[in-house]
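Read through the structure below, which is laid out as structure tokens, and then see the notes.
Residues take their numbers from the sequence shown, with the count starting at 1. These numbers come from a predicted model, not from an experiment. Both counts, for ligands and for their atoms, begin at 1 and track the order of listing.
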Amino acid sequence: MLSTARTTIEFLVHHSTDKPPKIGLNFHILEASQVAYTLLSDKQTWLLILKVLFSFLHTQYAHFLDQELFFIRMGVVIMGVSGAGKSTIGEMLAKAVNCSFLDADDFHPQSNKEKMHKGIPLSDEDRIPWLNLLRDALRACLVSRKTMILGCSALQKRYREILRSADPNYVPGSYFCVIKFVLLDAGAEVLAARLQERAEEGNHFMPAKLLQSQIDLLQIDESEGIVKVDATASPLVIVDTIKALFFDIYSHR
Ligand SMILES: Nc1ncnc2c1ncn2[C@@H]1O[C@H](COP(=O)(O)OP(=O)(O)O)[C@@H](O)[C@H]1O
Ligand SMILES: O=C(O)[C@H](O)[C@@H](O)[C@H](O)[C@H](O)COP(=O)(O)O
């Protein structure tokens, strides 16, 4: 987190005396605001600083910037193991912030779904082409200047790196990216009960018995700065939390 903060501050200092590159400015401001958010406990002060920063940039660079500055293009990946609530929360969030939602489940080939349905965990060979499709979908949204919510397990760091590479400016391993991750976090018992209930409803290919394999595979590296949200809270609370973290500030124009 500290190295991200330093890079962000260096970027802002450098470009405060120079013509800012139009491409990329949005997400550097996004990063700066997120770093400031984590460093400042007083959120009112943070909001004030952000407003000053925005109006400063706007006055300084009005002729280089257009409205885009205030319409951040990004991808927010709602991640976690099966049953964490990715589809439920992703759909609700997309409606709340008026952007599109993609469910990674819909991108699996039939062979992957059948494999999981039989209780066999996917291998990297099964997942990589699927992740590549998701990366392409994210990239298509970014280049058409749209923000997208994606519900995707993204259990391993190397899988998330594939999704991050949807950002044309992404430097692998830097985690300085317009693709953001939110981990829906819940204990195994809660998840197992949810999956059991969902399986009894009979309209999902994923059996509850694969849960442990997913929990075993989940790997989070602190340096990635992934936001963790309590997935046992009510869906409305979860959506509001994610909205406040990633979206609300940008409506303060
Ligand atoms: N925050 C929540 N509280 C209670 N139940 C939830 C919550 N989020 C999801 N669920 C329920 O848990 C089950 C799994 O949710 P789902 O969104 O399909 O998870 P995932 O897409 O991560 O597998 C569904 O039956 C859903 O209604
Ligand atoms: O990488 C994987 O093993 C799968 O993508 C898996 O993580 C995903 O969870 C399934 O598609 C089940 O769907 P739900 O997550 O919606 O239960």
Side-chain angles (χ1 to χ4, degrees), residues 75-96 100-138 148-164 166 179 181-220 226-245:
V76 177
V77 182
I78 311 295
M79 61 166 286
V81 300
S82 191
K86 303 179 293 293
S87 309
T88 309
I89 302 302
E91 260 174 48
M92 285 174 65
L93 178 66
K95 276 196 193 118
S100 47
F101 171 68
L102 287 184
D103 196 324
D105 283 350
D106 299 335
F107 287 70
H108 277 303
Q110 196 54 29
S111 54
N112 280 5
K113 290 190 182 179
E114 279 167 13
K115 195 169 176 181
M116 288 188 272
H117 190 59
K118 286 185 199 150
I120 308 167
L122 299 181
S123 64
D124 271 14
E125 265 181 13
D126 302 317
R127 288 194 182 102
I128 303 301
W130 166 70
L131 289 161
N132 287 340
L133 284 179
L134 295 169
R135 176 208 52 213
D136 293 347
L138 282 172
M148 186 212 268
I149 315 281
L150 171 69
C152 175
S153 48
L155 299 173
Q156 292 265 302
K157 190 160 75 169
R158 63 183 183 280
Y159 303 161
R160 292 187 289 277
E161 281 293 85
I162 295 177
L163 298 179
R164 287 188 184 102
I179 307 296
F181 291 86
V182 178
L183 172 68
L184 295 180
D185 188 36
E189 274 179 28
V190 173
L191 295 166
R194 283 184 190 174
L195 290 181
Q196 198 55 47
E197 201 174 315
R198 193 175 71 177
E200 278 159 18
E201 287 163 10
N203 50 9
H204 202 286
F205 58 86
M206 187 76 169
K209 72 186 243 198
L210 276 185
L211 175 61
Q212 193 54 49
S213 70
Q214 298 240 309
I215 293 173
D216 293 344
L217 201 62
L218 180 66
Q219 165 209 36
I220 299 291
I226 292 176
V227 177
K228 213 190 259 191
V229 173
D230 177 9
T232 63
S234 81
L236 275 178
V237 168
I238 298 173
V239 167
D240 276 354
T241 305
I242 302 173
K243 200 165 155 274
L245 280 168

Open item on the list: I'd like the residue list for ligand 1, meaning every protein residue with a non-hydrogen atom under 4.0 Å from the ligand.
Closed with: V81, S82, G83, A84, G85, K86, S87, T88, R194, R198, A231, A233, P235, I238
- [ ] Run the numbers on E114 and Q110 for side-chain contact (heavy atoms from CB on, under 4.5 Å), then give the verdict.
- [x] CA-CA 6 Å; E114 279 167 13; Q110 196 54 29; 3.4 Å; yes
Open item on the list: Assess the residue pair R164 and E161 against the criterion (salt bridge (Lys or Arg N to Asp or Glu O under 4.0 Å)); give the C-alpha distance rounded to whole Å, side-chain angles, the decisive distance to 0.1 Å, and a yes or no.
Closed with: CA-CA 5 Å; R164 287 188 184 102; E161 281 293 85; 2.8 Å; yes
- [ ] Kindly indicate whether the side chain of I220, heavy atoms from C-beta on, has any atom under 4.5 Å from the side chain of M79.
- [x] yes
TODO: With the side chain counted from C-beta on, respond yes when I238 and T88 share a heavy-atom pair under 4.5 Å apart, and no when they do not.
DONE: no
TODO: At a heavy-atom distance under 4.0 Å, which protein residues reach ligand 2? Sort them by chain and number, would you?
DONE: S82, K86, D105, H108, M116, L122, R127, W130, S153, R198, H204, F205, M206, Q214
Open item on the list: Below 30° counts as parallel, above 60° as perpendicular, anything between as tilted: where do the rings of F205 and H108 land?
Closed with: perpendicular
Task: L183 versus G80, closest heavy-atom pair with distance - done: CD1-CA, 3.8 Å
Open item on the list: Hydrogens and angles aside, do S123 and D126 bring a side-chain donor and acceptor to less than 3.5 Å of each other?
Closed with: yes
Task: Identified side chain to side chain contact (heavy atoms under 4.5 Å, CB included) partner of L150 from the options I78, I179, V77, D103 - done: V77
Open item on the list: Taking CD in E201 as the centre, count heavy atoms belonging to other residues, nucleotides or ligands within less than 6.0 Å. Is the count above 12?
Closed with: yes
